[in-house]
Number of protein chains: 2
Amino acid sequence: MSNSVPPRRATLSDVAAQAGVSRATVSLVLRDSPLVAEPTRARVRAAAERVGYLYNRGAATMRGTRTKTVGLVVTEIDNPFFAEMAAGVEAALDQAGYIAFLAATRDAPDRQDRALRRLREHRVDGIILCPALGTQVAEIATLAAHGVPCVQAMRRVPGSGGDFTAPANRAGMQALALHLIAAGRRRFAFAGAGVMHSGVRERLAGLRDALRRHRLPPPTLLRTPGTRAGGAATARLLAALPERPDALVCSNDVMAFGAIAALEQAGWRVGSEVAVTGVGDVPEAATYRPALTTLRTGPRQIGEAAVRLLLRRIADPGAPAERLVMPAELVVRASCGGGRRSA
Amino acid sequence: MSNSVPPRRATLSDVAAQAGVSRATVSLVLRDSPLVAEPTRARVRAAAERVGYLYNRGAATMRGTRTKTVGLVVTEIDNPFFAEMAAGVEAALDQAGYIAFLAATRDAPDRQDRALRRLREHRVDGIILCPALGTQVAEIATLAAHGVPCVQAMRRVPGSGGDFTAPANRAGMQALALHLIAAGRRRFAFAGAGVMHSGVRERLAGLRDALRRHRLPPPTLLRTPGTRAGGAATARLLAALPERPDALVCSNDVMAFGAIAALEQAGWRVGSEVAVTGVGDVPEAATYRPALTTLRTGPRQIGEAAVRLLLRRIADPGAPAERLVMPAELVVRASCGGGRRSA
DNA sequence: TGCGCCTTTTGGATCAATCTAACTAGCATC
DNA sequence: GATGCTAGTTAGATTGATCCAAAAGGCGCA
């Protein structure tokens, strides 16, 4: 079984010979052109079946048509957030007859360079990009200059222009903060990564908006990595503050999980003494104890939206740039001291 | 910026004209052939730089060389387990100059068919496949017959042969069961999906081995979906049993999380009254309360191993099939009643 | 000067599709 | 009988990199 000869792949010519027509006719039939008469069409179909013909997209691409491939560039795939976005992208692309190349940058611009270059070598029709921290505007401009459609997702390189989709970070965070304020919280801390990407900056801005509107002092900034460990690190920082905050707003769910565990270990009563919130609403958020109050950003929907924008751009490269802001829903759970239960 | 003309891409001929040499020479230079003299080499390099030349892999592919692409087919990307495996695959491929097409089957053979067909149309050099439930041997055989190297990962289609890599499910589960038995557990239940894939079957077999060896009765089988909800459903089933089990072995971590939450809600004391265990050791397992005893299967390592096997197979299609079983490490935590703490 | 030998370079064919323009029937119309 | 028109089909050029056989150039040696 394993040592059988790998047979030469059948080509258009083989099918043509079998059917007794020309290559051109076969090509037309395979692409469902109305130019071919029904009997011929049937003969060609049968011949293709007989010789086990398989379309060779590579050869087709050479004549200048589309590759029907798209590059999906994220910072990391193992991260429930991007994993879910990738799932949305994959599903939407599949439906459109496209398939995605997967690349991870681990937030390193040089790795991102390599990935983008490789994708261009493969002549992808477009790219969905969650830009790595420190990405220069020039990078994005290069893609545009080479005529490669690119949609930025989740984050955006400031001043880069072009299509973009992300959750309503600022408005969502405002809503979350207003809820906490209404529940009596007054002294806020915000946990975000040392170098913030645009999404985190927007969340922080939303929090500041709400506090300012209620004439409350701005949040204390805790600059720890956006990971579980980074969240845990905030416990020490909080304890060291002159005035204990009564609300810790984390820039993502995973940080919140780390923070809650560390805070409880240090004797804080999370939910009453201090409210802790996240962003994302990953599956773990609902079952975590205490269940996590968070902002549902719908990564899957964002992935689907990114595909919509990209396919539109591929179809019409001249269309004006579009920004698609997806609603972010406040999900209130026990970690901020109760309120109605929610899935 | 957005309405600048997308300039015609530079080709080998353009570079050749710039450098005053032939296409063939340029091709040799780009592929680092030792045949070209140093001065010429430098001249060509400079010319390529000047005209902004970008390698066109598609054209090269036509001459029969490799595409340097690989298909990664999993059941779902949003699933911490596969996400981490995908991360391992991506990293290993990147290092080898390859890039992966991503496809998700959602465990549906027809979707898998579509994906495999599309990958073959794109002439991938090989495929890493976590076969969907119900995949027929014929599917795998078709790939082999067409000379497409394929490595099965995590699961295997029974009787399909070929390369394969997965965690040591059976041995690992034996170790886990022995630990529980040594801790005094006697009445076991096993929660697995209704239709079990090979990995789950192996885990069940390992559990049965250990129980048989200690002359204990075989485990009660709970056939609920392999999800959080499926895990939660086991609580009702357990309560309905004539004799309450004192150990619930779940076929994956996510089920265990669902089970623990539901059992505690129903008044069971998890860890003392009943031990609950998972498989996978996803990040959530360490921070869950109670922390989850589980089998660390190292999905990232499995992804890397799959790439190793695949690249080997691509390089030497005639080599004998290889099965690579990755060690599964027992991680004891609070959910089985303590023992030493572990990360 | 001619010959062999080695290094370096090259033209042309090749891969498998698509595109263009032209060609063939068949039939009606003037 | 020439012309126009339509529907169906096709030969040949095209795409960009690679492979092959052969050519060009340089050098030493008889």
Side-chain angles (χ1 to χ4, degrees), chain A residues 6-45 47-48 51-69 118 120-125 146-147, chain B residues 6-45 47-48 51-69 118 120-125 146-147:
Chain A
R8 196 180 65 79
R9 283 187 228 267
T11 73
L12 267 196
S13 305
D14 299 329
V15 178
Q18 265 286 321
V21 296
S22 75
R23 275 181 353 264
T25 303
V26 177
S27 176
L28 291 171
V29 170
L30 293 179
R31 283 175 301 134
D32 283 322
S33 159
L35 292 177
V36 185
E38 194 44 58
T40 318
R41 185 182 301 275
R43 206 144 37 88
V44 170
R45 286 258 159 71
V51 302
Y53 173 76
L54 184 75
Y55 187 69
N56 184 335
R57 234 173 259 269
T61 297
M62 282 225 16
R63 275 295 300 176
T65 37
R66 313 252 66 131
T67 56
K68 290 284 195 174
T69 64
R118 200 167 286 168
R120 290 207 292 127
E121 287 185 14
H122 281 291
R123 298 290 194 266
V124 292
D125 293 346
H146 288 82
Chain B
R8 195 180 66 79
R9 280 188 233 265
T11 73
L12 267 196
S13 306
D14 300 330
V15 178
Q18 264 286 319
V21 295
S22 74
R23 274 178 357 263
T25 304
V26 177
S27 175
L28 291 172
V29 170
L30 293 180
R31 283 174 302 132
D32 282 322
S33 159
L35 292 177
V36 185
E38 193 44 58
T40 317
R41 185 183 301 275
R43 206 144 37 89
V44 169
R45 286 257 159 73
V51 302
Y53 173 75
L54 185 76
Y55 187 69
N56 184 336
R57 235 171 257 270
T61 297
M62 283 222 17
R63 273 296 306 191
T65 37
R66 313 251 69 129
T67 58
K68 290 284 196 171
T69 64
R118 200 167 287 170
R120 289 208 293 125
E121 287 185 1
H122 281 291
R123 298 288 193 265
V124 292
D125 293 345
H146 288 81

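It should be emphasised that the depicted structure is a prediction, and the values quoted were computed from it without experimental measurement. Naming convention: chains lettered A, B, ... in sequence-line order (proteins, then strands); numbering from 1 in each chain.
A donor-acceptor contact closer than 3.5 angstrom links the side chains of A:Arg31 and A:Ser27.
Near DNA chain C, meaning a heavy atom under 4.0 Å from it, residues 10-26 of chain A has A:Thr11, A:Leu12, A:Arg23, A:Ala24 in order of number. The stretch residues 35-43 of chain B touches DNA chain C through B:Leu35, B:Val36, B:Ala37, B:Thr40, each having a heavy atom under 4.0 angstrom from the strand.
Closest approach to the B:Tyr53 side chain among D:dT18, D:dG16, D:dA17 is made by D:dA17 (side chain taken as heavy atoms from C-beta onward).
Rounded to whole angstrom, the span from the CZ atom of A:Arg66 across to the C1' atom of C:dA17 amounts to 17 Å. With rounding to whole Å, A:Asn56 atom CG is found 7 Å from C:dA16 atom P. At whole-Å resolution of the value, CD in A:Glu121 and P in D:dA17 are 11 Å apart. For B:Asp32 and D:dT18, the CG to P distance is 12 Å, given to the nearest whole Å. At whole-Å resolution of the value, OH in A:Tyr55 and P in C:dA17 are 8 Å apart.
Note on the helix from C:dT1-D:dA30 to C:dC30-D:dG1: terminal axis deviation equals 80°, with five pairs used at each end and the result rounded to 10°.
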Residues B:Asn56, B:Arg9; criterion side chain to side chain contact (heavy atoms under 4.5 Å, CB included); working and verdict: CA-CA 10 Å; B:Asn56 184 336; B:Arg9 280 188 233 265; over 6 Å; no
message: Pair B:Arg8, B:Asp14 - check side chain to side chain contact (heavy atoms under 4.5 Å, CB included), show working.
response: CA-CA 11 Å; B:Arg8 195 180 66 79; B:Asp14 300 330; 3.1 Å; yes
message: side chain to side chain contact (heavy atoms under 4.5 Å, CB included) for B:Thr67 and B:Arg57? Distances and angles first, verdict last.
response: CA-CA 7 Å; B:Thr67 58; B:Arg57 235 171 257 270; over 6 Å; no
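Between B:His122 and B:Thr69 there is no side-chain heavy-atom pair separated by less than 4.5 Å. Between B:Val21 and B:Arg43 there is a side-chain heavy-atom pair separated by less than 4.5 Å.
A:Arg41 places a side-chain N or O within donor-acceptor distance of the main-chain N or O of A:Ser33, the cut-off being under 3.5 Å.
The side chain of B:Arg31 contributes an N or O atom lying less than 4.0 Å from OP1 or OP2 of D:dC19. Remark: A:Ser27 is in phosphate contact with C:dT18, judged by side-chain N or O atoms under 4.0 Å from OP1 or OP2.
The distance from the CZ atom of A:Arg120 to the NE2 atom of A:His146 is 4.5 Å, given to the nearest 0.5 Å.
In this structure, B:Leu28 and B:Gly64 both approach DNA chain C, and ranking their closest nucleotides by distance from the 5' end singles out B:Leu28.
Checking A:Leu28, A:Leu30, A:Val44, A:Val26 one by one against A:Val36, the side chain to side chain contact (heavy atoms under 4.5 Å, CB included) holds for a single residue, A:Leu28.
In this structure, B:Arg118 does not pair ionically with B:Glu121, as no charged nitrogen and carboxylate oxygen lie closer than 4.0 Å.
Considering all non-hydrogen atoms of both residues, A:Ser13 and A:Arg23 come closest at OG-CD, 3.2 Å.
The base of D:dT15 does not come close enough to the side chain of A:Arg63 for any donor and acceptor atom to sit less than 3.5 Å apart.
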